[in-house]
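Here's the structure we're looking at; comments come further down.
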Amino acid sequence: METISVSDIQTHNITLTPAAAARVRSLLVERNLPDYGLRIFVSGGGCSGLQYGMALEGQPRQDDLRLGAGEVDVIIDPVSIGYLGGATIDYVDDLMGGGFKIENPNAVASCGCGHSFRTAGQADSQSSGGCDCG
């Protein structure tokens with residue numbers, strides 16, 4: 001597994017906002033998972049063709065990138081990093097509810113819920129034009 005320092009995060013252009021880092025730290029403390037990090041990944045699916053996923057990860061794989069963001073490690077697989085270059089991961093908590101939000105400059109279209117997206121390299125026919133994520 002490749003370990004990357006905080007200063008190298010800019011090389012991959014992944015930004016974890018202070019609000020997102022605080023929420024991850026809070027989750028790790030609540031669940032007593034001190035050596036875990038936040039895995040961010042992209043997989044096929046969703047109403048726009050690709051979808052984001054996040055999980056608390058304790059056993060990164062050999063080829064994962066581990067990005068240090070203060071007290072929080074962000075873990076990304078080599079395929080997902082290609083879709084997430086330049087992305088900002090934030091945590092928003094408002095009257096409508098809270099959750100992680102990814103602003104991704106690689107997305108040319110996204111689902112109304114923000115969990116599914118399409119890149120320029122994907123065919124337009126994969127997008128249903130609406131969000132049925134629920």
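- Contact of the V42 side chain with the V79 side chain is not registered, since no non-hydrogen atoms from C-beta on lie closer than 4.5 Å.
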Side-chain polar contacts of residues 28-36 - donor-acceptor pairs under 3.5 angstrom, sequence neighbours left out - could you list them?
{"from": "E30", "atom 1": "OE2", "to": "S26", "atom 2": "OG", "distance (Å)": "3.0"}

Side chain to side chain contact (heavy atoms under 4.5 Å, CB included) evaluation trace for Y91 with V24 | CA-CA 9 Å; Y91 184 79; V24 173; over 6 Å; no

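- Remark: F41 pairs with no residue by the ring pair (Phe, Tyr, Trp, His ring centres under 6.0 Å) rule, at least two apart or across chains.
- In terms of heavy-atom proximity, R66 sits nearest to G37 at NH2-N, 4.5 Å.
- Under the salt bridge (Lys or Arg N to Asp or Glu O under 4.0 Å) criterion, R39 pairs with E57, D64, not counting sequence neighbours.
- The structure places CD1 of I40 at 6.5 Å from CG of L16, a figure rounded to the nearest 0.5 Å.
- Residues I102 and V92 do not share a hydrophobic cluster, defined by chaining ILVMFWY side chains whose heavy atoms lie under 4.5 Å apart.
- Across G85 and P105, no two heavy atoms sit closer than the pair O-CG, 3.7 Å.
- L27 is not listed as a side-chain neighbour of L38, based on a closest heavy-atom distance of 4.5 Å or more.
- I89 CD1 to N104 CG: the interatomic distance, rounded to the nearest 0.5 Å, is 8.5 Å.
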